[in-house]
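These notes are about the structure you will find just below.
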Protein chains: 2
Amino acid sequence: MTTAEAIEQTLARRGYRLTGPRRALLEVMSGLGDHFAADDVVNAAPAVGRATVFRTLKLLQDLDVVCQVVLEDGATAYRLAPDEHHHHLLCVECSEMRDFSSDDLEAVIAEVARRTGFTVEAHRFEVYGRCPACQARTS
Amino acid sequence: MTTAEAIEQTLARRGYRLTGPRRALLEVMSGLGDHFAADDVVNAAPAVGRATVFRTLKLLQDLDVVCQVVLEDGATAYRLAPDEHHHHLLCVECSEMRDFSSDDLEAVIAEVARRTGFTVEAHRFEVYGRCPACQARTS
DNA sequence: GGCTAACTGAGCCACTGTCTCAGTTGCAAC
DNA sequence: GTTGCAACTGAGACAGTGGCTCAGTTAGCC
């Protein structure tokens, strides 16, 4: 089963319609690599309206099927997400993006909550650096 | 010495001019509370052009005197920054913002770097939750 | 006081995302 | 297979945030 098909099933299971534009967008997103801007999707699916692209991205985010990434310059990118909770590691040179998760990070958050009395509801964690390939190329 | 004066010294030390608009903006930002939107600054300093507000915010960010905070909804806010490296804890209800720093977090980042071979150059970490006062008020 | 590079203001542009509203369509029920 | 209708869509206007340009101004060194 392709990623697109898996997501179609998720949509159906949650009671959302499986429309032509949605199928087209899933297809396009699967082909756009590990992350993409909203505009990339708009350009890659000229038959689908811009509003629909943004609506669909938002819907997919709500379904935890797509996640949003804040790039180093503050721009936002999107990414077809794996199921588990994860964070992003981005290469500032070649834009490669990797997921990672860390129990230690969850411990840090718990500690912050304990120390401040806040109840934590969400967090955002992105790490920017240079991947091994880019280090080798320019070292 | 006020925060604004300290920043003026930083500007001078780095070879930047101390102009009227810059002084006005520093004054305004000091009075805007713990965090503010670019638009708040624009409104609070009607004599200063919009472009100058954004240019100055950017300059102050480069000088590590102002830091950018990504709010839960993706909007960006600014904040006069303390000297040390820190992260932000935001109350989603009353918008209170607290700084915190964590050696454990630095350890998490080091571990990610080790595991992936990336050299880490920067990161972004924001935690969203509810502050003790808001918990008490609505519990 | 004069000089000049740094800075500024106005206004237009770009990008990202939202909203509205009339028209279309998936799909469940018949 | 047809129908009904809520969900969905497209076009285009709008909003918020920030950048760019360029002519004019000014801080601060001499």
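A, B, ... follow the sequence lines: proteins, then strands. Residue 1 opens every chain. Keep in mind that this is a model prediction, so the values were computed, not measured. What's counted below: heavy atoms across the whole structure, side chains too, no hydrogens, waters or symmetry copies.
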Whole-Å distance, K58(A) NZ to dA7(D) P, equals 18 Å
Next item on the list: Compute whether any side-chain donor of one residue and acceptor of the other, for R22(A) and T52(A), lie under 3.5 angstrom apart.
Entry: no
Q: Check whether the side chain of R50(B) and the base of dG11(C) form a donor-acceptor pair under 3.5 Å.
A: no
Here the distance between atom P of dG17(C) and atom CG of D40(A), to the nearest Å, is 11 Å
Item to complete: Report yes or no: is there a donor-acceptor pair, N or O only, under 3.5 Å between the side chain of R55(A) and the base of dT18(C)?
Response: no
R23(A) CZ to dT25(C) P, in whole Å, measures 14 Å
When rounded to whole Å, the CZ to P distance for the pair F54(B) and dG19(D) reads 7 Å
*asked:* Between T56(A) and dC8(D), is there a contact of a side-chain N or O with OP1 or OP2 at under 4.0 Å?
replied: no
When rounded to whole Å, the CG to C1' distance for the pair L71(B) and dT16(C) reads 16 Å
Which is true for A47(A) with a 4.0 Å heavy-atom rule: it touches a base, it touches only sugar-phosphate, or it touches nothing? sugar-phosphate
Between CZ of R14(A) and P of dG26(C) the distance, given in whole Å, is 22 Å
To the nearest angstrom, the CZ-P distance between R17(B) and dT4(C) comes to 13 Å
So, is T76(A) near the phosphate of dG17(C), with a side-chain N or O under 4.0 Å from OP1 or OP2?
yes
**OP:** Would you indicate whether E27(A), at its atom CD, is surrounded by more than 12 heavy atoms from other residues, nucleotides or ligands within a distance under 6.0 Å?
**Re:** no
Check: When all nucleic acid strands are considered with a 4.0 Å heavy-atom cut-off, which category describes A51(A): base, sugar-phosphate, or nothing?
Finding: base
Worksheet item: When all nucleic acid strands are considered with a 4.0 Å heavy-atom cut-off, which category describes R22(B): base, sugar-phosphate, or nothing?
Response: sugar-phosphate
Closest to the 5' end of DNA chain C, once P46(B) and Y16(B) are matched to their nearest nucleotides, is Y16(B)
Test of ring centre spacing under 6.0 Å for H87(B) and H123(B): yes
Comparing nearest nucleotides in DNA chain D, the 5'-proximal residue of the pair T19(B), Y78(B) is Y78(B)
Inset, instruction - Step by step, work out the side-chain contact (heavy atoms from CB on, under 4.5 Å) result for E121(B) and Y128(A). - result: CA-CA 6 Å; E121(B) 297 183 352; Y128(A) 310 100; 5.5 Å; no
CD1 (I7(B)) and CG (L80(B)) are apart, to the nearest 0.5 Å, by 5.0 Å
Inset, instruction - Pick base, sugar-phosphate or nothing for L18(A), based on heavy-atom distances below 4.0 Å to the nucleic acid. - result: sugar-phosphate
Whole-Å distance, L25(B) CG to dG9(C) C1', equals 13 Å
